[in-house]
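Remarks on the structure that follows.
Each chain gets a letter, A, B and so on, in the order its sequence line appears, and its residues count up from 1.
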Amino acid sequence: MNIRTLLDQRLGEVISAIAGEPCDALVNVSSKPQFGDYQANGCMAAAKRAKTNPRAFAEEVLKKIDLSDIADSLEIAGPGFINIILRQDFLEAQLATMATTDALGCELAGEAQTVVVDFSSPNLAKEMHVGHLRSTIIGDALGRVLEFLGHSVIRQNHVGDWGTQFGMLLNYMNETGGETTTLANLEEFYRASKQRFDEDEAFATTSREMVVKLQSGDADCKAAWQQFLDISLGHCQTAYDRLGVKLTKDDVRGESFYNDDLPIVVKDLDTAGLLKESDGARGVFLDEYRNKDDEPLFVIVQKSDGGYLYATTDLAAMRFRTGEINAQRILYVTDSRQGDHFAQVFLIAQRAGFVPEHVSLEHVPFGMMLGDDGKPFKTRAGGTVKLMDLLDEATTRAGDLVTSKNPGITDEARETIAAIVGIGALKYADLSQNRASDYVFAWDKMISLDGNTAPYMQYAYARIRSIFRKAASNADLGAIVLGEPQERALGNKLLQFAEAVDAVARSAMPNVLCSYLFELAGAYMSFYESCPVLKDDVAPETRASRLALCDLVARTIQTGLGLLGIETLEQM
RNA sequence: GCGCCAGUAGCUCAGCUGGAUAGAGCAGCGGUCUUCUAAACCGCAGGUCGUAGGUUCGAGUCCUGCCUGGCGCGCCA
């Protein structure tokens, strides 16, 4: 049950009826406690359209509306706000309902959709580096949230497995005997082959021939290529597993998959009357975009030498995703620099009829990871930071912290906690930022575990679990009664979980869920300080009520962090 | 030259379709541990929301100009 939506509907009907046209009630969580639990802001706008006094309009609304089953009081304030205080027994009943299901009050807003989430998409010629982190974890979180709401999520790892560089790599693999051991360090392997390519003209020539052979389907070449991909994908899978990202081999559908479709894309564009030629290249002119000379932009889909480009592959993928997968919504989780590119290929795809009108194409852009100097995040030597090294450092730092907080701990427990806390902190630091902006990566901030961090939530969870361990067999849950102000605040916050999850699904902004969880954990910490659960002087029914609240908070934090791909711990 | 994104507290950032006195977290200052885990809690202080106009009952949010930073702009992805 999404209370905000409920109020929006109930008030919206009345406001619309009075105004004589459809109006939005604009219900939101109140900006301040003295304004009640929720506030409706829609009367001012509706009154304006109906050309009446907003306060008088709001009074009319209060006269007509019956919210007695939900709200204790409705008050008009300021120019025409309606402040809503919910009934305590309504909140208690809602919490009881919320506790009965794993969905914790979340429900499908409309029809279930088939949603393609295109994310991670590393170039398999090299090892994964920090540049792939944001796409991977943001896309993973979005996939989990949409799935949680009942949508059918198709993950697509659009890996780079088909560029000219593969000729170079295959050639070098042949030269070095194709031993898999030499591929243990992909980065080094790439560097070495690149060096050969740049220094030896003969090598470069055979490399180019290798590409042609590969793309024309030569069996030996294809086998070697497949072997290379398997190894590279293995590296990726190790990273995904350590990150706790739900991506497997089955989700991989790389550029090569669309190879046979590329000529068809060009042909279809021609059929649609969109294809033009310019300087020997073929492509589509877009009036909406201008080039440097203020002429319509030419988006090339086939080079003058006959080769295809990434716009072609993306168009082929769109055709496949709507035609074969039947997607109704497609999310592209890539960095914001590709914004223009996607806007352009979306336009072409719609114009060419590759994507029906009802399908939503959404670029989900994110900013760059910067170092604390404000420049792109690099190693001290200025090189690319490997993803694996980043994960290692996160767990090492978390491990050191565990040791300092809890010196007596066994090595085994330490490692488990370090992995979950370290990886969780790393992912949360990223997810909690508005993805649109560049983000300054700072180990100390992230791993200091203070403030709005994953460990703060993990700690709140562990504290609750500790209570249940202590209560042992005497931990029966009772009916929730929101007696104390902290209990009411906590209960209210719990019921907003569905609102937060809905907002993430709609806007593709995981940071909304992070903010929610931080507020929830904060409300719990305040509750924890002022409302004893297991102390001797707590009445049995109060104890049972608070245990039920604790349980629901624990489940919400665990589920919420789970939607972000972050694990919880019984003890920290 | 054109386009996209950003500019909010000392630092890092929130701010949902325009709503009431702009919020957090760090850092700073001051309180709270014979503890249901202090990785915590409570309080104080900190602001011309880049800038100049405009739209209106109301603007951090919408429009226009300007300034600053980042990114992109036909045969790489």
Side-chain angles (χ1 to χ4, degrees), chain A residues 24 26 28-32 34-35 39 41 44-45 47-48 54 77-81 83 121 123 160 163-165 255 278-283 285 289-295 297-305 307-311 313-314 334-341 343-344 365 367-368 370 372 374 401-402 404-406 421 432-434 436-440 442 444-445 448-453 455-456 458-460 462-471 499 503 506-507 509 511-512 514-515 518-519 522 525-526 528-535 538 546 550 571-572:
Chain A
D24 200 329
L26 296 172
N28 273 314
V29 172
S30 290
S31 55
K32 291 179 193 305
Q34 65 261 36
F35 299 148
Q39 61 181 62
N41 305 331
M44 277 94 72
K48 187 177 183 182
F81 297 99
N83 291 335
S121 309
N123 181 351
T164 44
Q165 62 236 23
E255 292 170 347
S278 172
D279 295 331
R282 310 165 89 189
F285 282 103
Y289 296 88
R290 299 269 135 180
N291 66 15
K292 288 170 189 162
D293 301 321
D294 201 33
E295 294 157 344
L297 183 74
F298 190 55
V299 178
I300 295 177
V301 293
Q302 189 169 25
K303 298 191 280 184
S304 49
D305 68 359
Y308 301 99
L309 294 101
Y310 72 136
T313 312
D314 278 331
T334 79
D335 71 88
S336 50
R337 286 176 302 191
Q338 296 187 53
D340 284 340
H341 162 70
Q344 289 154 13
M368 287 191 298
L370 307 177
D372 47 19
L401 196 71
V402 172
S404 71
K405 295 284 181 190
N406 200 348
V421 170
S432 60
Q433 305 253 342
N434 185 325
S437 44
D438 288 343
Y439 123 72
V440 177
D444 289 337
K445 179 191 167 191
S448 74
L449 317 185
D450 282 323
N452 188 6
T453 62
Y456 177 80
Q458 289 170 323
Y459 179 63
R463 271 183 143 181
I464 299 173
R465 299 308 305 158
S466 169
I467 288 177
F468 280 93
R469 270 195 304 280
K470 186 147 281 188
E499 293 166 26
R506 201 178 55 243
S507 64
M509 306 264 268
N511 66 307
V512 173
C514 295
S515 300
F518 181 57
E519 287 164 16
M525 293 294 192
S526 298
Y528 183 95
E529 297 292 328
S530 55
C531 299
V533 180
L534 301 178
K535 297 273 170 67
V538 178
R546 289 180 180 168
C550 287
Q571 292 183 64
M572 282 173 77

For [N], take OP1 and OP2 only and decide whether either is under 4.0 Å from a side-chain N or O of [X].
X        : N     : value
A:Ser31  : B:A20 : yes
A:Ser437 : B:A14 : yes
A:Lys48  : B:G58 : no
A:Lys303 : B:C76 : yes
A:Asn511 : B:G15 : yes
A:Tyr456 : B:U37 : no
A:Asn291 : B:C2  : no
A:Tyr459 : B:A39 : yes

Counting only N and O atoms by type, is there a donor-acceptor contact under 3.5 Å from the side chain of [X] to the main-chain atoms of [Y]?
X        : Y        : result
A:Ser432 : A:Cys514 : no
A:Ser515 : A:Asn511 : yes
A:Arg465 : A:Gln571 : no
A:Asp279 : A:Ala281 : no
A:Asp293 : A:Glu295 : no

Base, sugar-phosphate alone, or nothing: which one does [X] contact when heavy atoms must sit under 4.0 Å apart?
X        : answer
A:Ser526 : sugar-phosphate
A:Glu519 : nothing
A:Cys514 : nothing
A:Ala503 : nothing
A:Ile464 : nothing
A:Val533 : base
A:Met525 : sugar-phosphate
A:Glu255 : sugar-phosphate
A:Ala45  : base
A:Ala471 : nothing
A:Asn83  : base

Could you state the [atom1]-[atom2] distance from [X] to [N], rounded to the nearest angstrom?
X        : N     : atom1 : atom2 : value
A:Asn28  : B:G23 : CG    : P     : 15 Å
A:Leu370 : B:C11 : CG    : C1'   : 15 Å
A:Asn41  : B:C16 : CG    : P     : 12 Å
A:Asp438 : B:G69 : CG    : C1'   : 10 Å
A:Gln344 : B:C75 : CD    : P     : 13 Å
A:Met509 : B:C13 : CE    : P     : 15 Å
A:Phe35  : B:U21 : CZ    : C1'   : 8 Å
A:Asn452 : B:U12 : CG    : C1'   : 11 Å

Now, which nucleotide makes the Watson-Crick or G-U wobble pair with [N], with each of the two distances under 3.5 Å?
N     : answer
B:U37 : none
B:G3  : B:C71
B:G43 : B:C29
B:A52 : B:U64

Legend entry - Of A:Asn434 and A:Lys535, the one whose closest RNA chain B nucleotide lies more 5':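 It is A:Asn434, whose closest nucleotide lies nearer the 5' terminus.
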
Inset, instruction - Tell me which of A:Leu297 and A:Ile467 sits closer to the 5' end of RNA chain B, going by the nucleotide each one is nearest to. - result: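 First, find each residue's nearest nucleotide; the 5'-ward one identifies A:Ile467.
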
For [N] versus [M], give the span between their [atom1] atoms, rounded off to a whole number of Å.
N     : M     : atom1 : result
B:C16 : B:C2  : C1'   : 32 Å
B:C62 : B:G69 : C1'   : 24 Å
B:A52 : B:C57 : P     : 24 Å
B:C63 : B:U56 : C1'   : 13 Å
B:C44 : B:G23 : P     : 13 Å
B:A6  : B:G25 : P     : 25 Å
B:A45 : B:A40 : P     : 23 Å
B:U17 : B:G60 : P     : 15 Å

Legend entry - Closest contact, heavy atoms only, A:Ala311 versus A:Val299: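 For A:Ala311 versus A:Val299, the nearest heavy atoms are CB-CG1, 4.2 Å.
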
Legend entry - Closest non-hydrogen atom pair between A:Val301 and A:Tyr308, with its separation: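 Closest approach of A:Val301 to A:Tyr308, heavy atoms only: O-CD2, 3.5 Å.
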
Inset, instruction - Kindly point out which of B:A39, B:A24, B:C36 is positioned nearest to the side chain of A:Phe518? - result: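 The answer is B:A24.
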
Legend entry - Parallel, tilted or perpendicular: rings of A:Phe285 and A:Phe298 (30°, 60°):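 Tilted, since the angle between the ring planes falls between 30° and 60°.
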
Legend entry - Any A:Ser526 side-chain heavy atom under 4.5 Å of A:Glu529 side chain: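 A side-chain contact is absent here, since even the closest heavy-atom pair is not under 4.5 Å.
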
Inset, instruction - Using a 90° cut-off around 0 for syn, call B:C49 syn or anti. - result: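 Anti conformation for B:C49.
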
